[in-house]
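On a predicted model such as this, the values are computed, not experimentally measured, just so you know. Along the sequence shown, residues are numbered consecutively beginning with 1.
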Amino acid sequence: EVLLEESGGGSVPAGGSLRISCIFSGFIFEDYAIGWFRQGPGKEREGVSCISYPDRGKYYADSVKGRFTISSDYAMNTLYLQMDNLKPEDTGTYYCALERQLWGQHCLRQYSFSNWGRGTRVTVSA
């Protein structure tokens, strides 16, 4: 069974930082494309950052470039998202996702993924 579990969300003031994590189990983590998505209040879910497979490119939404950093620890089956200089518009539920093969920026598209975690909540106050 494929399991994805996010953690590390919380409440921070604008300008603060958070690191959220996603632990994967039930498969060989390094053989998949992985991504972070978020859904803000009243908004559709959107791609935040991802690592494609097999080309292993790292991609970011324009709104988070220069502030967020995606990384992975394949030995620990864990995906991270370091979020710095957070803004109120970054508020939302953050989800990790997994898919067998996604080249390039296809990994920023939510409809490319079929395996999802339940999400972790991030709140940024003004």
K.L.:
Nearest 0.5 Å, please: how far is OH in Tyr32 from CG in Leu79?
P.N.:
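Here the rounded value is 15.0 Å.
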
K.L.:
Within the supplied structure, the quantity of interest is the number of heavy atoms (other residues, nucleotides, ligands) at a distance under 6.0 Å from Glu5 CD; does it exceed 12?
P.N.:
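Not buried by this count: 12 neighbours or fewer within 6.0 Å.
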
K.L.:
For a quick test of reading the model, state the closest non-hydrogen atom pair linking Leu18 to Leu86 and the distance between them.
P.N.:
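Closest pair (atom of Leu18, atom of Leu86, distance): N-CD1, 3.9 Å.
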
K.L.:
Would you say the side chain of Arg67 lies within less than 4.5 Å of the side chain of Met83, judging by non-hydrogen atoms?
P.N.:
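The answer is no; the side chains never approach within 4.5 Å.
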
K.L.:
Quick one: which residue pairs count as a salt bridge (Lys or Arg N to Asp or Glu O under 4.0 Å) with a foot in residues 48-61, not counting sequence neighbours?
P.N.:
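Sorted pair list comes back empty.
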
K.L.:
Between Ser112 and Glu99, is any pair of side-chain heavy atoms under 4.5 Å apart?
P.N.:
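No, their side chains stay 4.5 Å or more apart.
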
K.L.:
Enter the distance from Leu81:CG to Cys50:SG here, rounded to the nearest 0.5 Å.
P.N.:
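The SG atom of Cys50 is 11.0 Å from CG of Leu81, to the nearest 0.5 Å.
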
K.L.:
For Asp90 and Val122: C-alpha separation, side-chain torsions, deciding distance, then whether side chain to side chain contact (heavy atoms under 4.5 Å, CB included) applies.
P.N.:
CA-CA 8 Å; Asp90 295 319; Val122 172; 5.5 Å; no

K.L.:
Take the angle between the ring planes of Trp116 and Tyr95 and call it parallel below 30°, perpendicular above 60°, tilted in between.
P.N.:
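Geometry flag for Tyr95 against Trp116: perpendicular rings.
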
K.L.:
Between Lys65 and Asp62, does any side-chain N to carboxylate O distance fall below 4.0 Å?
P.N.:
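Counted as a salt bridge, because a side-chain N and a carboxylate O are separated by less than 4.0 Å.
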
K.L.:
With side chains defined as the heavy atoms from C-beta onward, is the minimum distance between Arg121 and Thr91 less than 4.5 Å?
P.N.:
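When only atoms from C-beta onward are counted, Thr91 and Arg121 do touch, with a gap below 4.5 Å.
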
K.L.:
Where is the tightest heavy-atom contact between Asp84 and Ser17, given as atom of each residue plus distance?
P.N.:
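In terms of heavy atoms, the two residues are closest at OD1-OG, 2.8 Å.
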
K.L.:
Roughly how far, to the nearest 0.5 Å, is OG of Ser72 from CG of Asn77?
P.N.:
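Answer rounded to 0.5 Å: 10.0 Å.
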
K.L.:
Any side-chain heavy atom of Ile20 within less than 4.5 Å of one from Trp36?
P.N.:
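They are in side-chain contact.
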
K.L.:
Where do Tyr59 and Cys107 come nearest, in terms of heavy atoms and distance?
P.N.:
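The answer is CD1-SG, 3.7 Å.
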
K.L.:
Are Ile51 and Phe24 connected in a single hydrophobic cluster, I mean Ile/Leu/Val/Met/Phe/Trp/Tyr linked by side-chain heavy atoms less than 4.5 Å apart?
P.N.:
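Same hydrophobic cluster.
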
K.L.:
Which heavy atom of Tyr60 sits nearest a heavy atom of Ile70, and at what distance?
P.N.:
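Nearest pair, atom of Tyr60 first, then Ile70: OH-N, 2.9 Å.
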
K.L.:
If I take atom CG from residue Leu98 and atom CD1 from residue Ile34, how far apart are they, to the nearest 0.5 angstrom?
P.N.:
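It comes to 7.5 Å.
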
K.L.:
I'd like to know if Arg38 and Glu46 make a salt bridge, using a cut-off of under 4.0 Å between side-chain N and carboxylate O.
P.N.:
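Here Arg38 pairs with Glu46 in a salt bridge, since their nearest N and O are under 4.0 Å apart.
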
K.L.:
With the 4.5 Å side-chain cut-off for hydrophobic clustering, are Tyr94 and Val12 part of the same group?
P.N.:
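Result: yes, single cluster for both.
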
K.L.:
Decide if the gap between the ring center of Phe113 and the ring center of Phe37 is smaller than 6.0 angstrom.
P.N.:
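Yes, close enough.
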
K.L.:
If you compare all heavy atoms of Leu102 against all heavy atoms of Ser52, which two are closest, and at what distance to 0.1 Å?
P.N.:
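Minimum heavy-atom separation between Leu102 and Ser52: O-CB, 3.1 Å.
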
K.L.:
Using every non-hydrogen atom in the two residues, find where Ala61 and Gly47 come nearest and quote the distance to one decimal.
P.N.:
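Scanning both residues completely, I find the closest heavy atoms to be CB-O, 3.4 Å.
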
K.L.:
Do side-chain atoms of Arg118 reach the backbone of Leu4 as a donor and acceptor pair under 3.5 angstrom?
P.N.:
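A pair under 3.5 Å: no.
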
